[in-house]
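In what follows, a single structure is set out as structure tokens and then discussed.
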Amino acid sequence: MPRRFAAACLVMLALVGCGPTSVAPTTGPTPAPTATPAGPTPAPTSTPDPAAIYAAIAAQVEQIRGLRPTKSVAPVLIDEAQLRANLTREFDQENPPALVEASQDELIELGLLPAGTSLRQAELDLQAGQVAGYYSPGAGQLFVVSRSGAVGPTQRVTYAHEFTHQLQDQNFDLARLGFDTPDQGDRSLARLALVEGDAVTTQTIWTRDNLSTADLAQLLADASDPAALAALERAPAFLRTTVLFPYTGGQAFVASLVANGGEAAVDAAFRDPPDSTAQVLHPDLYLHHVAPVAVNLPAHIAAALGAGWHELATDTLGELQLRTWLEADAVDTKTAEAAADGWAGDRLAILAGPNGQLALAIRVRWTTAADATAFVAAATTALQKAPVGSGHAVGTASSSTTDVVVAPDSALAQRLLAALGH
């Protein structure tokens, strides 16, 4: 999980930022045009000072969000080439190659990435095509992307979003949310949804109150940039879903918090953040303190596969990623959502063997036996249609616990399933 917080989709920046807003129509008679006075043509108006623009936006965002900065961070305008260079450098600094490779192998084994895909390259291509700006807590830096070097409507909206991240960091310490924990992918995604949902909500209010009709038209035009749209279209569906979720799902989650307690409830969530995407997808789980259950896989399951096998990495998929896996592998959206609903907790292990062989074991706990049954049916269909290894199986460990295994062949899959207690 990258340690930066971005206005990370120009398309979503515009659609989320402008969708719920409206510009009030002018009422009353249209005023008559004023006559141009005789005499010399007035001198052109000077270009507004960017620092003054940022200062005005900051003051407005502080008022909207009810937070104050503890120190100033000067925004830096960068072009797209500098953005890609920054993203590449920070990605490589923050993501150990072994963990990136493990995640890549996991996604390929589940059919979420085509074989031969570089996860690193796919993520960088998507980010470089979509990121409009970002705030980096560790470096205390805030960047806004501008092709022309001017601070237009898109840059102003982006700054409103990123300044919200600055306020979050300086008031709540974003590092406390634990985005760097390598085996808690679902928790990190849920907490990112809180962070981005809050920023989108604030940005939306700022946009509604401060952009003119012409500004909104320019914002939508920027969001319709063919290169940005092409980058989004090229990205694997799984990456698109996980990139957009913190903004769309996060905004809905924050709206539920505000409805139940105002901005104070959002502030409280930063001190007691969500622990799963299930809590974001179903805010009542968060509001009623229904935490995910801890799920453990049996020790030494890699040894059951034979000599040379070892555990490469572990993680938690969560409701959103399980739903995305089912849907990506030809299970329709409605069935995938119903099959992932009722998730209570899970654990995944990536196992590596001789000659580059890989296997996966996923244990999922469900709220009810009916939830488990629905998942088994959908997962069986997904595995039959997915371009995964020839060995795969789905089993029921108990009435509310299911196991999914993927292996190079059916014999290894059955051996792994036996190691899980079947």
Side-chain angles (χ1 to χ4, degrees), residues 1-6 8 84 86-128 131 134 136-139 174-193 195 235-236 238-243 245-246 275-277 292 294-297 299 301-302 305 308-318 320-322 324-325 328 345-363 388-389 404 406:
M1 179 64 66
R3 293 188 293 270
R4 72 179 73 88
F5 302 93
R84 179 175 278 274
N86 287 5
L87 294 176
T88 301
R89 183 184 67 255
E90 293 189 16
F91 184 94
D92 291 339
Q93 289 173 346
E94 298 165 1
N95 297 279
L99 288 180
V100 174
E101 186 174 354
S103 296
Q104 173 181 297
D105 292 340
E106 169 199 330
L107 296 173
I108 290 173
E109 284 295 300
L110 288 172
L112 292 170
L113 287 182
T117 300
S118 164
L119 178 59
R120 173 184 178 274
Q121 194 61 49
E123 288 210 12
L124 287 172
D125 287 346
L126 178 58
Q127 290 181 27
V131 168
Y134 70 93
S136 180
L174 294 178
R176 289 183 57 256
L177 299 182
F179 293 106
D180 294 337
T181 308
D183 63 344
Q184 294 293 335
D186 182 59
R187 188 184 74 182
S188 293
L189 191 56
R191 294 181 177 184
L192 184 60
V195 173
F238 172 79
L239 289 184
R240 288 200 302 268
T241 297
T242 52
V243 163
F245 174 74
D275 286 325
S276 69
T277 54
V295 177
N296 297 307
L297 292 168
I301 56 173
L305 297 179
W309 283 90
H310 64 280
E311 183 180 278
L312 187 63
T314 59
D315 202 355
T316 297
L317 286 173
L320 178 75
Q321 293 187 88
L322 280 174
T324 304
W325 167 56
D346 77 66
R347 202 64 177 156
L348 170 145
I350 307 173
L351 311 173
N355 303 316
Q357 291 180 307
L358 290 171
L360 300 177
I362 309 168
R363 171 158 286 180
V388 298
V404 176
V406 177

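Since the model is a prediction, treat every value here as computed from it, not as a measurement.
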Under a 4.5 Å cut-off applied to non-hydrogen side-chain atoms, are [X] and [Y] in contact?
X    : Y    : answer
I362 : L110 : yes
L317 : W325 : no
F245 : T324 : no
V243 : L126 : yes

What is the minimum heavy-atom distance between [X] and [Y], and which atoms define it?
X    : Y    : answer
L124 : F91  : CD2-CB, 3.9 Å
G178 : S188 : O-OG, 3.8 Å
L192 : P246 : CD2-CG, 3.8 Å
W309 : A302 : CB-O, 3.3 Å

For residues 111-120, tabulate all N or O donor-acceptor pairs below 3.5 Å that involve a side-chain atom, not counting sequence neighbours.
{"from": "T117", "atom 1": "OG1", "to": "P114", "atom 2": "O", "distance (Å)": "2.7"}
{"from": "S118", "atom 1": "OG", "to": "Q121", "atom 2": "N", "distance (Å)": "3.1"}
{"from": "R120", "atom 1": "NE", "to": "D92", "atom 2": "OD1", "distance (Å)": "2.9"}
{"from": "R120", "atom 1": "NH2", "to": "D92", "atom 2": "OD2", "distance (Å)": "3.0"}

Measure the spacing between [atom1] of [X] and [atom2] of [Y] and express it to the nearest 0.5 Å.
X    : Y    : atom1 : atom2 : result
R89  : E94  : CZ    : CD    : 10.0 Å
L358 : L312 : CG    : CG    : 7.0 Å
I350 : L107 : CD1   : CG    : 8.0 Å
L305 : Q357 : CG    : CD    : 9.0 Å
E106 : L348 : CD    : CG    : 5.0 Å
D183 : L99  : CG    : CG    : 9.5 Å

Item checked: Residue list, salt bridge (charged side-chain N to carboxylate O under 4.0 Å, His left out) with R191, at least two apart or on another chain ->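 For R191, the residues satisfying salt bridge (charged side-chain N to carboxylate O under 4.0 Å, His left out) (neighbours in sequence not counted) are D275.
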Could I get the full list of side-chain contact (heavy atoms from CB on, under 4.5 Å) partners for [X], not counting sequence neighbours?
X    : value
A175 : D173
P97  : none
E311 : T314, A349, L351

Check: Going by an N to O cut-off under 4.0 Å, is there a salt bridge joining D125 and R84?
Finding: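 Yes.
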Next item on the list: Kindly write out the residues that satisfy side-chain hydrogen bond (donor to acceptor under 3.5 Å, both in side chains) with D346, not counting sequence neighbours, or none if the list is empty.
Entry: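 For D346, the residues satisfying side-chain hydrogen bond (donor to acceptor under 3.5 Å, both in side chains) (neighbours in sequence not counted) are W343.
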Check: What residues, two or more places apart in sequence or in another chain, satisfy side-chain hydrogen bond (donor to acceptor under 3.5 Å, both in side chains) together with T316?
Finding: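 Testing T316 for side-chain hydrogen bond (donor to acceptor under 3.5 Å, both in side chains), a comparison that skips the adjacent residues, returns R347.
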Checklist line | Pairs meeting criterion salt bridge (charged side-chain N to carboxylate O under 4.0 Å, His left out) with involvement of residues 353-363, two or more places apart | finding: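 Output for this query lists R363-D403.
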Notebook entry, point to check: Looking at N95, V100, L239, which one forms a side-chain contact (heavy atoms from CB on, under 4.5 Å) with E123?
Noted result: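 With E123 as partner, side-chain contact (heavy atoms from CB on, under 4.5 Å) holds for just one option, L239.
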Note to self: Looking only at side-chain N and O atoms, does S276 offer a donor or acceptor that is under 3.5 Å from a partner on D186?
What the structure shows: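 There is no such pair (donor and acceptor under 3.5 Å, judged by atom type) between the side chains of D186 and S276.
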